[in-house]
Visitor: 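Quick one: the structure is below, and I'll ask about it shortly.
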Number of protein chains: 2
Amino acid sequence: MAVTLKQIAEQAGVSPSTVSHAIRGINPGKRQLSPQTIIKIRNVAQKLGYRPNMLAAGLAQNKTFTVGVLVSTLRGDFYERILEGITEVVHPQFTPLLTVHNYDKLRERRELEVLIGKRVDGIIAACSGDVENSYIYRELGEVHRMPLVLVDRGLKDINCPVVRSDHFKSTYIAVKELFGLGHRQIVFAAAGRDMDSTQIFKDGFTAAIREVGCESESGIFAKKTNSWTRGEMKQFASEIIDHVLGLAQRPTALILQADWLAYDVLAECQVRGIRVPADLSVMGMEDCSPSALPGISLSTIKVELEQVGKLAAQMLLNLINGEVPSQTKVLVPPSVIIRKTTRMLA
Amino acid sequence: MAVTLKQIAEQAGVSPSTVSHAIRGINPGKRQLSPQTIIKIRNVAQKLGYRPNMLAAGLAQNKTFTVGVLVSTLRGDFYERILEGITEVVHPQFTPLLTVHNYDKLRERRELEVLIGKRVDGIIAACSGDVENSYIYRELGEVHRMPLVLVDRGLKDINCPVVRSDHFKSTYIAVKELFGLGHRQIVFAAAGRDMDSTQIFKDGFTAAIREVGCESESGIFAKKTNSWTRGEMKQFASEIIDHVLGLAQRPTALILQADWLAYDVLAECQVRGIRVPADLSVMGMEDCSPSALPGISLSTIKVELEQVGKLAAQMLLNLINGEVPSQTKVLVPPSVIIRKTTRMLA
DNA sequence: GTGAAAGCGCTAACAG
DNA sequence: CTGTTAGCGCTTTCAC
């Protein structure tokens, strides 16, 4: 079918191993080739349109020049941004084999098995968070000795590098920023499918609120769901506003756990005649692409997703090269972005 | 290192070939195994945590259970949506090897070579559009006999299936819709890095305008660039409004080649005191995620990107199975979505 | 029903 | 400087 080393060897009148070395350059086999044979071999290869079969090479070297990437979903720009960071860092040495689990634990398992079967050189995974699948991640390291780094979410009992955004700091700096602007009554509306993350967000909020001494006039409004459809989001936005309006001490600032939720809250405010930021300052989280749009201009906490991807990829490459990671838990710091939905209090 | 067929064979006291058959089930090697040996072998495999090495299997069968996907970029939700369609269709039979060219023709070449080297079973590519690279796509089919389907953009002289959104129809139905709403003076603002696509958009616009007989009062305002930064976009939005305002016959409707451009146009309208849709109806193209946001509510032409991905993937699977495609050029039809930036003229 | 042997395309000692 | 020989881990005739 495709042209092989052997065919080139015959055409050029040399042995396969010579061809192998000539094609790959000097270093790999640390062999001295006469310039003429190199030229000759390369010419033949060129003429025949030879492309080395990396599968065969990999089989012989026990390498695949491929890294497995498992993400939760391709919807929205969250994993897309992480993915972008990853591809840029592993390129061109490795190419990513992309899998998606859609929060389905059976699929998560299966995809991981596929990656093992394909003998990827390492895996970067955003696990579904289902503890039932922990064992397979453990197996990855312990029985298959496959380099693994987790992104976005860690896994109890799994001792492997984790790169995630610093959620604690997100709410923490949001509160500090708002406090700096003069706000004293601040509400954090927590919502997410991932209870661990949500808890961290809450902790950051609480810690900051304590530090600035606003415990009595601030609070958390939470709801848990594991499917956020547009309708549910809108519904929750409405409930948040109800809550805010119902409070004895009317809050002056509202922090939402996600930009997309903030968009609905903004819409709800408009419907109810609440002026933003005059009556209420609103702050989102993540800095999704619409937030910068002139019509939205949402103040938010920017989560450095590309950076998460890049750092994770860099750690994986190090692991693949046999280096021991200096730190195993990496938190990438968020930053605050002030646009037009927050204001300084007089 | 990893556990192999041979080890299982030894542990189970049978030959490697028997293990191979037992693991894969009955069909593949059409061999009759006694139920007991099957059980015995599977148990051993289970106990040892055996995962077949698909590389080795692939080398023996000349298959990789992998498809190459080459996209232009991961930024924005355009390719992401196509990618989503692809992954869902090829799953779980194949897993996608993801590459990105970033409109760099050298990188495009290199990534394609990598995919060839990894002997993917087929390729779905959004080519950069650079004609200099045509030859490599040709080589793909002619010398490597690799199934190929192009998405989003075709390539002259390359005779392979192409799946793309029907750009002609996009502007065509936009005009028809607007005409139906009573608009007679319609402007289409064309802008894009890909001149071929832009031309098709223009053609669709012109054809529809002719049909409804509004040639004299309608027109096209075009600008070409190949890098659309936020600043340039904003600048162009401003120029578009200048143009619209400068026309003797003031247009009542404006069609933009991209939603993102429309967002800036909307913002510019606000700045200039042009009320949308009272003074001007605005229609975008693609239906990006922010368009549905309450604060934006952009009327637009929805491009079915997931569908493009799905159809492309389906065609590729057919090609891989040796089927001859019934049709080689597939155009997926867009649809109009009316939100709040367009109105019916009195 | 099961085993032996050849081979997929390459790399990596080991000789010369 | 170059050729020969073993594999890598699997599938697949062909024999028994």
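By convention in this document, chain letters (A, B, ...) are assigned in the order of the sequence lines, proteins followed by strands, and residues within each chain are numbered from 1.
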Visitor: Just checking B/Arg138: does its CZ atom have more than 12 heavy atoms from other residues, nucleotides or ligands closer to it than 6.0 angstrom?
Guide: yes
Visitor: Provide, to the nearest angstrom, the distance between the CG atom belonging to A/Asn53 and the P atom belonging to C/dT11.
Guide: 9 Å
Visitor: Looking at B/Ser72 and B/Cys127, what are the two nearest heavy atoms and their distance?
Guide: OG-O, 4.4 Å
Visitor: Rounded to the nearest angstrom, tell me the gap between atom CD1 in B/Ile41 and atom C1' in C/dG1.
Guide: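 B/Ile41 atom CD1 is separated from C/dG1 atom C1' by 11 Å.
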Visitor: Tell me whether the side-chain N/O atoms of A/Thr37 come closer than 4.0 Å to OP1 or OP2 in D/dT2.
Guide: yes
Visitor: Among residues at least two apart in sequence or on other chains, which ones pass side chain to side chain donor-acceptor pair (under 3.5 Å) with A/Lys105?
Guide: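 Partners of A/Lys105 under the side chain to side chain donor-acceptor pair (under 3.5 Å) test: A/Glu132.
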Visitor: Which residues pass the side chain to side chain donor-acceptor pair (under 3.5 Å) test with B/Thr18, sequence neighbours left out?
Guide: B/Ser15
Visitor: Test of understanding: with salt bridge (Lys or Arg N to Asp or Glu O under 4.0 Å), list the residues that count as partners of A/Glu111, not counting sequence neighbours.
Guide: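 A/Glu111 satisfies salt bridge (Lys or Arg N to Asp or Glu O under 4.0 Å) with A/Arg107 only.
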Visitor: Rounded to the nearest angstrom, tell me the gap between atom CD1 in A/Ile23 and atom P in C/dG9.
Guide: 16 Å
Visitor: Residues from residues 7-17 of chain B sitting under 4.0 Å of DNA chain C, heavy atoms only?
Guide: B/Gly13, B/Val14, B/Ser15, B/Ser17
Visitor: Could you pull out all residues at least two apart from B/Glu323 that satisfy side chain to side chain contact (heavy atoms under 4.5 Å, CB included)?
Guide: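 Once residues adjacent in sequence are excluded, the partners of B/Glu323 under the side chain to side chain contact (heavy atoms under 4.5 Å, CB included) criterion are B/Asn318, B/Asn321.
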Visitor: Rounding to a whole Å, what distance do you find between A/Arg119:CZ and D/dC8:C1'?
Guide: 11 Å
Visitor: Let's see if you get this right: which residues in residues 54-65 of chain B place a heavy atom under 4.0 Å from DNA chain C?
Guide: B/Leu59, B/Ala60
Visitor: In whole angstrom, give the distance that lies between atom CG of A/Leu5 and atom P of C/dG9.
Guide: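 Distance check: A/Leu5 CG to C/dG9 P gives 10 Å.
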Visitor: Looking at A/Thr18, does any N or O in its side chain come under 4.0 Å of the phosphate oxygens OP1/OP2 on D/dG3?
Guide: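 True: A/Thr18 side-chain N/O within range (under 4.0 Å) of D/dG3 OP1/OP2.
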Visitor: My understanding is that only residues two or more places apart in sequence, or in another chain, count here; which of them pass salt bridge (Lys or Arg N to Asp or Glu O under 4.0 Å) with A/Arg51?
Guide: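 A/Arg51 satisfies salt bridge (Lys or Arg N to Asp or Glu O under 4.0 Å) with B/Glu113, B/Glu139 once adjacent residues are dropped.
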Visitor: Got a sec, which residues hit salt bridge (Lys or Arg N to Asp or Glu O under 4.0 Å) with B/Arg119, two or more places apart in sequence or on another chain?
Guide: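 Here no residue qualifies.
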Visitor: Rounded to the nearest angstrom, tell me the gap between atom NZ in B/Lys40 and atom P in C/dG1.
Guide: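 Spelled out: NZ on B/Lys40 to P on C/dG1 is 15 Å.
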Visitor: Rounding to an integer number of Å, can you tell me how far A/Tyr50 OH sits from C/dG9 P?
Guide: 10 Å
Visitor: Excluding sequence neighbours, so at least two apart, what forms side chain to side chain donor-acceptor pair (under 3.5 Å) with A/Arg153?
Guide: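 Residues passing side chain to side chain donor-acceptor pair (under 3.5 Å) with A/Arg153: A/Asp194.
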Visitor: If you fit an axis to the five pairs at each end of the helix from C/dG1-D/dC16 to C/dG16-D/dC1, how big is the angle between those two axes, to 10 degrees?
Guide: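 Roughly 40°, once rounded to the nearest ten degrees.
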Visitor: What residue pairs, at least two apart or across chains, pass side chain to side chain donor-acceptor pair (under 3.5 Å) with a residue in residues 57-70 of chain A?
Guide: A/Thr64-A/Asp121, A/Thr66-B/Lys118
Visitor: The criterion is side chain to side chain contact (heavy atoms under 4.5 Å, CB included); which residues satisfy it with A/Lys329, sequence neighbours excluded?
Guide: A/Val162
Visitor: Could you tell me the separation between the CZ atom of B/Arg51 and the P atom of D/dC10, rounded to a whole number of Å?
Guide: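 Going from CZ in B/Arg51 over to P in D/dC10 covers 13 Å.
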Visitor: If you check every side-chain atom of A/Ser34, which of D/dC1, D/dG9, C/dT11 has the closest atom?
Guide: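 Of the options given, the side chain of A/Ser34 lies nearest D/dC1.
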